[in-house]
Amino acid sequence: MSETSRRVAIVGAGIGGLTLAIALRDRGVPVEVFEQASELREVGAAVALAANGTRLLERLGLGDELAAVSTEPTELIYRHWRDGRRIAAHPVGSPYRDRFGAPFYGLHRVELQRILGAAWGDDGLHLDTRLVGLREQPDGLRLEFSSGRIAEADLVVGADGVHSAVRSWVVGDEEALYSGTSGFRGLAPIERLPSLPDPHAVQFWMGPGAHLLHYAIGGGGVINFLAVVDGPRRWPHDSWMGRAEPGEHLAAFDGWHPAVTEMLGAVPMSPRWGLFARPPLRHWSRGGSVLLGDAAHAMLPHHGQGANQTIEDAIALAACVTAAGAGRLDEGLARYQSQRRARTRLVQRASWAASDTLHLPDGPDADRRDRALADLPDALAWIHGYDEEQARCPATDDHPAARYA
Ligand SMILES: Cc1cc2nc3c(=O)[nH]c(=O)nc-3n(C[C@H](O)[C@H](O)[C@H](O)COP(=O)(O)OP(=O)(O)OC[C@H]3O[C@@H](n4cnc5c(N)ncnc54)[C@H](O)[C@@H]3O)c2cc1C
């Protein structure tokens with residue numbers, strides 16, 4: 001089977017699916033993309049892209065489009081929940097780019113989806129096409145869609161997000177882990193936030209049992225925020241998003257700095273999001289099917305890495321599948337898993353641990369954390385400074401990250 005005759009089906013036209021489609025097309029591999037939604041319109045608020053993601057999107061030729069719709073933060077600041085003092089501050093902008101080799105951006109998710117969708121185009125994109133079944137056949141895999149449509153492929157990529165249907169096929173039904181924390185999200189117009197210092201910085205406000213993260217998007221006129229609180233102890237809803245009682249989000253931040261309460265009060269009632277992660281999977285592929293992005297490693301948002309790790313996955317998978325050569329798909333998929341599983345597991349673990357650290361009450365533990373935040377750029381270098389393309393799809397056990405697996 002030559003590269004050009006390999007039939008590749010990507011399920012899901014989100015951040016990972018589209019990035020992979022573009023990267024495979026650049027390598028001469030034809031792809032079909034199947035998306036359940038009737039249009040490419042990502043719901044949700046904003047997304048922060050770090051250098052480990054932006055360097056890869058820039059190499060796909062998307063740098064100018066991204067820069068045009070993104071806001072580059074001035075600083076990364078950690079603040080005390082009540083008095084708002086700057087506990088730690090690190091410049092972003094050009095010092096960040098100099099250090100990590102690519103920019104840090106905040107942008108609306110719909111803009112990222114639009115840029116990826118425009119770069120891919122309409123050819124080979126099938127909207128309104130929801131995967132409901134996968135079957136092995138003697139000569140590949142058969143995909144079944146809710147419309148009754150059938151497709152066949154040698155490689156099926158599950159880029160179908162956190163509730164992936166392809167993951168059920170690859171690993172069976174795995175329970176998600178509830179973190180014991182939940183969040184409220186929103187977009188606040190900057191003119192509603194008179195008490196907010198440094199509005200164009202990425203800022204964490206840290207306090208007992210809760211934190212608030214925010215950054216600017218939309219040219220700096222809008223602040224995207226995620227407010228995270230401890231509890232409820234057990235998630236009471238079937239879905240990961242539940243109704244919140246009026247004022248519930250504000251009550252959790254009673255006594256916090258006015259910049260925080262203004263932000264929470266500036267948006268209409270937000271639902272409460274249960275924060276879940278998927279336990280690391282032992283394997284990412286089964287025969288000719290493979291997972292990437294949230295389907296493989298949904299993580300807590302506290303390092304802002306879900307989308308960035310997904311972009312890394314897509315570039316790695318495109319490289320491994322094409323490097324494996326004719327008829328050696330298994331080898332390519334094994335290399336991809338080896339390259340990505342250890343790293344994403346570490347980022348998942350760090351994101352899980354971050355929540356506790358951000359929620360410490362005032363006291364000696366918080367003081368120790370505050371001192372450690374002074375060295376944050378060094379501590380983040382393994383995430384933001386990473387270049388997936390330098391990993392170059394090594395032989396299965398050779399990759400440096402394999403020692404963490
Ligand atoms: C509000 C919010 C803010 C976030 N902020 C950040 C951030 O700042 N930084 C960061 O790095 N990450 C962030 N994340 C996480 C990030 O968005 C995800 O990790 C990332 O989108 C995962 O990409 P993906 O391609 O795996 O899945 P998605 O982007 O979710 O795409 C999955 C696609 O598959 C489609 N699909 C699902 N099931 C089927 C099916 N059966 N058949 C066909 N199609 C299907 C879906 O419709 C969707 O289009 C945020 C997430 C949310 C919700």
Side-chain angles (χ1 to χ4, degrees), residues 9-21 32-54 56-57 70-71 73 104-110 112-113 116-117 125-134 143-147 149 151 156-169 183-187 202 213-215 217 224-228 240-241 270-271 273-278 291-314 317 340 344 347-348 351 383-384:
I10 299 175
V11 182
I15 293 169
L18 288 173
T19 305
L20 175 66
E32 303 279 312
V33 184
F34 300 94
E35 166 59 45
Q36 66 180 3
S38 52
E39 58 177 317
L40 291 187
R41 187 176 53 84
E42 183 54 77
V43 290
V47 62
L49 294 178
N52 57 310
T54 55
L56 302 175
L57 295 178
S70 297
T71 305
F104 185 104
Y105 285 148
L107 69 161
H108 206 294
R109 286 170 67 87
V110 77
L112 179 56
Q113 188 78 9
L116 291 170
L125 174 63
H126 309 280
L127 297 173
D128 252 330
T129 310
R130 183 164 69 89
L131 183 85
V132 290
L134 259 182
L143 298 94
E144 299 167 353
F145 298 97
S146 55
S147 59
R149 178 184 185 146
V156 173
V157 181
D160 49 347
V162 75
H163 301 295
S164 168
V166 179
R167 186 183 51 234
S168 307
W169 163 261
F184 304 95
R185 298 185 158 112
L187 295 175
V202 185
L213 157 71
H214 63 82
Y215 52 85
I217 61 168
N224 170 69
F225 71 82
L226 169 63
V228 178
W240 291 12
M241 193 167 63
S270 153
W273 297 66
L275 297 182
F276 286 80
R278 295 274 175 196
L291 303 174
L292 71 68
D294 279 6
H297 50 65
M299 58 184 68
L300 296 183
H302 308 311
H303 272 288
Q305 278 290 314
N308 292 291
Q309 292 303 310
T310 298
I311 293 164
E312 288 186 7
D313 285 351
L317 183 57
R340 295 301 307 154
T344 53
V347 178
Q348 273 185 309
S351 303
I383 301 180
H384 294 220

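Note that ligands are numbered from 1 as they come in the structure, with each ligand's atoms numbered from 1 the same way. Since the structure is predicted, the reported quantities are computational estimates derived from the model, not experimental observations.
- Contacts of Leu226 with ligand 1, taken as heavy-atom pairs under 4.0 Å, are absent altogether.
- Ligand 1 places these atoms under 4.0 Å from at least one heavy atom of Gly304: 9 (N), 10 (C), 11 (O).
- For the pair Ala295 and ligand 1, the shortest N or O to N or O distance does not fall below 3.5 Å.
- Close contacts of ligand 1 with Gly293, meaning ligand atoms under 4.0 Å from a residue heavy atom, involve 26 (O).
- Under 4.0 angstrom from ligand 1, the non-hydrogen atoms of Tyr215 all belong to its side chain.
- Listed by atom number, the atoms of ligand 1 under 4.0 Å from Gly161 heavy atoms are 27 (O), 32 (C).
- Aromatic ring orientation, Trp240 versus His163: perpendicular (interplanar angle above 60°, classes split at 30° and 60°).
- Any N or O atom pair closer than 3.5 Å counts here, and Leu131 shares at least one such pair with ligand 1.
- Looking at heavy atoms from C-beta onward, Arg149 lies in side-chain contact with Phe34 at the 4.5 angstrom threshold.
- Taking OG1 of Thr310 as the start and CG of Leu20 as the end, the distance is 11.5 Å to the nearest 0.5 Å.
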Candidate pair Asn52 and Gln305, rule side chain to side chain donor-acceptor pair (under 3.5 Å), full reasoning: CA-CA 9 Å; Asn52 57 310; Gln305 278 290 314; 2.9 Å; yes
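- Across Val132 and Phe145, no two heavy atoms sit closer than the pair CG2-C, 3.6 Å.
- Residue Arg109 has at least one heavy-atom neighbour below 4.0 Å for each of these atoms of ligand 1: 4 (C), 14 (N), 16 (C), 17 (O), 21 (O), 50 (C), 51 (C), 52 (C).
- Between Thr19 and Leu56 the shortest side-chain heavy-atom distance does not fall below 4.5 Å.
- Looking only at side-chain heavy atoms (C-beta outward), Leu57 and Leu112 come within less than 4.5 Å of each other.
- Atoms CD1 and CG, from Ile15 and Asp313 in turn, are 12.0 Å apart once rounded to the nearest 0.5 Å.
- Looking at Gln113, its side chain does come within 3.5 Å of a backbone N or O of Ala13 through a donor-acceptor pair.
- Interatomic distance, NE2 of His297 versus CZ of Arg340, reported as 6.0 Å (0.5 Å rounding).
- The distance from ligand 1 to the heavy atoms of Ala46 drops below 4.0 Å at these ligand atoms: 3 (C), 4 (C), 5 (N).
- Neither the backbone nor the side chain of Met299 comes within contact range of ligand 1; no heavy atom lies under 4.0 Å.
- At a heavy-atom distance under 4.0 Å, only side-chain atoms of Thr310, from C-beta outward, approach ligand 1.
- Taking every heavy atom of Val11 and a limit of under 4.0 angstrom, the matching atoms of ligand 1 come to 42 (N), 43 (C).
- In terms of polar-atom proximity, Gly306 is counted as a contact of ligand 1, with an N or O under 3.5 Å from an N or O of the ligand.
- Listed by number with element, the atoms of ligand 1 under 4.0 angstrom from any heavy atom of Ala48 are 7 (C), 8 (O), 9 (N), 10 (C), 11 (O).
- To the nearest 0.5 Å, the span separating CG on Leu275 from CG on Leu226 amounts to 6.5 Å.
- Using a 4.0 Å cut-off between heavy atoms, Gln305 contacts ligand 1 through its backbone alone, with no side-chain atom that close.
- Heavy atoms of Arg185 found under 4.0 angstrom from ligand 1 belong exclusively to the side chain.
- Checked against a 3.5 angstrom limit, the closest N/O atoms of Trp273 and ligand 1 fall outside it.
- Contact annotation for Phe34 and ligand 1: only backbone heavy atoms (N, CA, C, O) come within less than 4.0 Å of the ligand.
- Ligand 1 lies less than 4.0 angstrom from a heavy atom belonging to Thr129.
- A heavy-atom separation below 4.0 Å is found between Ala159 and ligand 1.
- Backbone and side-chain nitrogen or oxygen atoms of Ala165 are examined, and none is located within less than 3.5 angstrom of a nitrogen or oxygen of ligand 1.
- On a distance-only criterion, Asp294 and ligand 1 share at least one N/O pair closer than 3.5 Å.
- The NE2 atom of His302 sits 9.5 Å away from the CG atom of Leu213 when rounded to the nearest 0.5 Å.
- The two residues Leu107 and Ser70 come nearest to each other via the heavy atoms CB-OG, 3.8 Å.
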